[in-house]
Amino acid sequence: MNDPMLFLPLIPLLPFLGFLLNGLLGSRLPKALVSAIALVFPLASFALVARAAWMVHAGLALPVVEHDAPAWIVSGAMHIGFGLALDQLTLVMLLVITGVGFLIHLYSVGYMEHETGYWRYFAYLNLFLFFMTTLVLAANFLLMFVGWEGVGLASYLLIGFYIDRKSAGDAGKKAFVVNRVGDFGFLIAIFLLLGNFGTLNFSEIAAHLAAPAGLSGGTITLICLCLLLGATGKSAQIPLYIWLPDAMEGPTPVSALIHAATMVTAGVYMIARAHALFDLSPTALMVVAVIGAATAFFAATVAMVQTDIKRVLAYSTISQLGYMFLACGVGAYSAAVFHLMTHAFFKALLFLAAGSVIHGLSGEQDMRRMGGLRKEMPVTFWTMTAAVLAISGFFPFAGFFSKDAILAAAFHQGAVGKALWTVGLITALMTSFYMFRLWYLTFMGKSRTESRHAHESPWIMLTPLMILAALSVSGGWVGMDRFGAFLAPVTGTPANAGDAHVELMLSVLAVLVAAAGWFVAHSIYGRSGSQSMTESLASPRRVLENKYWVDELYVACVVRPIEWIARYVLGWIGELVLVRGSAWLMAGIAGLCGEWLRRWQSGNLRSYAAWLAAAAAVLLIFVLAGTLLGVGGFAQTISWAVR
């Protein structure tokens, strides 16, 4: 099959078939068959994506391929179909989603072996891949929104997988509700696009924008800000980031899938896909950049004091996504996607390695009760070390190349860009610090648990770690220049780099900042095995441990007022007006009717005879009138009498 369109629809449909088989039959199938179904279909999907990538690389397929599926919505000139599109950006996203996603599936076979609901877990995992591949393959905003909502549904099911834990159910509901706020903005943007362009197809909208007579800047900015609201929900940016730390209540492989390869990258992908709109609104781009920089800095500060190993990585994800938004905001879309790709490698590795630690310690997640695991879990230690070096930005690991590209792009954007670069550089310092803090507390020093039997994970879990470690080391060697040139037909030509000496100085400075972060972490946690910062930082630490009280602020300003309105205002209206009011009304009507009928039931025979005679007289009059006037005349008489 040399035509990629012959197998393009199979990429999302294969995981969906796995979902159907395990979802409908999994409870009656042996565990080995459930595992086989869960692995074979995502692997087949990845094989199709790899074949498409090879065909594009070999020049056997067009760089951009669109698939016109049967019509979905047709109304006048509007025509929306189930169209799929394959281009360079889609190809990169599919390789990350299906490749890293399959490794997480493989790891899950070992991690979830003794969990109840094994078949249900893999059914949800396959469903997640189906919706995520649909999202990135969509050729129009409406089909993208279907995948967007489907990913939200699958994440709700996976985060709340442990149905016997209230905290897991609450975390799933929180993720679902917060994302609905962002999705409202996405829906408004879709309505605005449809109203102003008459289409939702990406290619047709781009063609309209290229026309000389375009929309006003205010309309474009409004559309972009609505899209940004949707992106902040999915990609956990200020102010809708609050759901992601709580998503740690799900199984650890779910955290790896959501944080590294799929859901949280959807917002970055959507902005890169809609860059033709954002490029026409400097205001919207500035908002994207500021939100990204603020989120990166904010989340990094909180990560520095977390004690749960998964929550450190959760806030790290929020921070790294901030870098990607910062890149989009300065127009460096290819750098954002480059960091998205390398981040998928080392963040998936970090979560899976953390899962290996948790598995080896029988569920322990508090780093204060770890330590000394370097010798007991050597494979986990060395693979996680590669991920820590990569995310910290050390040369020649993958994170160095992509993070350096983002910081360099910001530096060349004038005074505002240099301010954003400064925030990004300080964030890089904090990133290195909190990652090496995690590394020291988990693997170095002596064990801080009196009785434990730590053990290395099985090979079915270690194999994905080793593959991801290799990608975390070498994933950035493709280079920003070649990667940007590959994405140029979709995201536009990257801005020319500055002076070579300036670029070299920026790179050296970034590495020195990473080294400074390691040095601070080593000074505090590496020598004496201290588990806390110095007492002089007690007050700032308290602020960070409470995460700036943002959750409490949301509860006070949003949750409590809504609960008050629901309980007292709507409750009062519903109970007093609708329930009690309707009861009082019906009782009053019944009472009046009873009072009226009671007067008839007087018990007086003369009264009964009088009423009977009156009714007979009225009936006789009607009969005589109908006979004398005829039907037509009688009807006119009645009509006149009524008037």
Side-chain angles (χ1 to χ4, degrees), residues 245 248 252 255 259 296-320 322-323 343 346-347 349-351 353-358 361 364-374 377 380-394 397 399 403 425-449 472 510-548:
M248 298 300 97
T252 302
S255 302
H259 286 242
F297 180 86
F298 168 84
T301 61
V302 177
M304 292 193 298
V305 299
Q306 295 298 303
T307 56
D308 186 308
I309 189 171
K310 289 175 64 177
R311 285 188 176 267
V312 174
L313 300 180
Y315 281 101
S316 170
T317 298
I318 298 171
S319 181
Q320 296 302 306
Y323 273 110
H343 176 263
F346 56 72
K347 185 51 63 68
L349 176 55
L350 286 168
F351 269 110
S356 181
V357 169
I358 295 168
L361 294 177
E364 182 59 66
Q365 296 183 200
D366 193 331
M367 296 185 298
R368 294 171 296 184
R369 300 194 184 105
M370 296 180 185
L373 293 176
R374 178 170 59 91
M377 307 181 70
T380 301
F381 165 71
W382 285 111
T383 53
M384 196 168 196
T385 299
V388 169
L389 291 169
I391 192 174
S392 299
F394 282 92
F397 294 86
K403 190 180 293 185
L425 197 65
I426 296 172
T427 303
L429 173 67
M430 293 188 290
T431 301
S432 179
F433 167 77
Y434 67 67
M435 288 312 306
F436 277 102
R437 171 179 177 266
L438 179 151
W439 187 74
Y440 278 112
L441 291 178
T442 304
F443 296 105
M444 298 303 177
K446 297 180 180 180
S447 171
R448 291 181 292 277
T449 302
S472 297
V511 174
L512 291 176
V513 164
W518 162 80
F519 179 76
V520 175
H522 177 73
S523 301
I524 298 175
Y525 302 99
R527 295 179 179 177
S528 60
S530 173
Q531 299 179 44
S532 61
M533 293 184 182
T534 59
E535 291 300 324
S536 61
L537 298 178
S539 296
R541 180 183 177 86
R542 191 177 304 111
V543 174
L544 299 180
E545 285 178 339
N546 287 280
K547 298 161 287 188
Y548 297 93

Quiz item: Which atoms form the tightest heavy-atom contact between T252 and G355, and what is the distance?
Solution: CG2-CA, 3.6 Å
Quiz item: With no hydrogens and no angle check, is any side-chain donor or acceptor of R311 less than 3.5 Å from a backbone partner on M248?
Solution: no
Practice problem: Say whether, by atom type as modelled, one donor and one acceptor occur between the side chain of Y323 and the main chain of A428 under 3.5 angstrom. | Solution: yes
Quiz item: With no hydrogens and no angle check, is any side-chain donor or acceptor of T385 less than 3.5 Å from a backbone partner on F381?
Solution: yes
Quiz item: With side chains defined as the heavy atoms from C-beta onward, is the minimum distance between V513 and I426 less than 4.5 Å?
Solution: no
Quiz prompt | Heavy-atom donor-acceptor pair, S316 side chain to V312 backbone, under 3.5 Å | solution = no
Practice problem: Without swapping roles, check the side chain of T442 against the backbone of W439 for a donor-acceptor pair under 3.5 Å. | Solution: no
Quiz prompt | Heavy-atom side-chain proximity of P245 to I318 below 4.5 angstrom | solution = yes
Quiz item: Which atom names give the shortest non-hydrogen contact between K403 and I391, and what distance separates them?
Solution: NZ-O, 2.8 Å
Quiz prompt | Note, S472 side chain near F397 side chain (heavy atom, < 4.5 Å) | solution = no
Quiz prompt | Nearest-0.5 Å distance that lies between atom CE in M384 and atom CG in L350 | solution = 5.0 Å
Exercise. Determine the minimum heavy-atom distance between M370 and L361, stating which atoms define it.
Key: CG-CD1, 3.7 Å
Quiz prompt | Between F346 and H343, ring centroids under 6.0 Å | solution = yes
Quiz item: Relative to the ring of H522, is the ring of Y440 parallel (under 30°), tilted (30 to 60°) or perpendicular (over 60°)?
Solution: tilted
Practice problem: Taking all non-hydrogen atoms of both residues into account, name the closest pair between R437 and T307 and its distance. | Solution: NH2-CG2, 4.3 Å
Exercise. Measure the shortest side-chain to side-chain distance between Y434 and L313 over non-hydrogen atoms and say whether it is less than 4.5 angstrom.
Key: no
Exercise. Over all heavy atoms of both residues, which pair between A296 and T427 is shortest? Give the atoms and the distance, please.
Key: O-CG2, 3.3 Å
Quiz item: Is M367 close to Q306 at the side-chain level, that is, under 4.5 Å between some pair of heavy atoms?
Solution: no
Practice problem: Any chance you could measure F351, atom CZ, to S356, atom OG, to the nearest 0.5 Å? | Solution: 14.5 Å
Practice problem: Could you tell me whether F394 atom CZ has more than 12 heavy atoms of other residues or ligands within 6.0 Å of it? | Solution: yes
Quiz item: Any side-chain heavy atom of Y525 within less than 4.5 Å of one from F433?
Solution: yes
Quiz item: Is the shortest heavy-atom distance from the side chain of S319 to the side chain of Y315 under 4.5 Å?
Solution: no
Self-check item: Minimum heavy-atom distance S392-S432, with the two atoms named
Solution: OG-CA, 3.7 Å
Quiz prompt | Separation of T317 OG1 from K310 NZ (nearest 0.5 Å) | solution = 11.5 Å
Self-check item: Point-to-point distance, once rounded to the nearest 0.5 Å, from CE of M430 to CG of L425
Solution: 10.5 Å
Quiz item: Which distance, rounded to the nearest 0.5 Å, do you find between the CE of M444 and the CZ of F436?
Solution: 9.5 Å
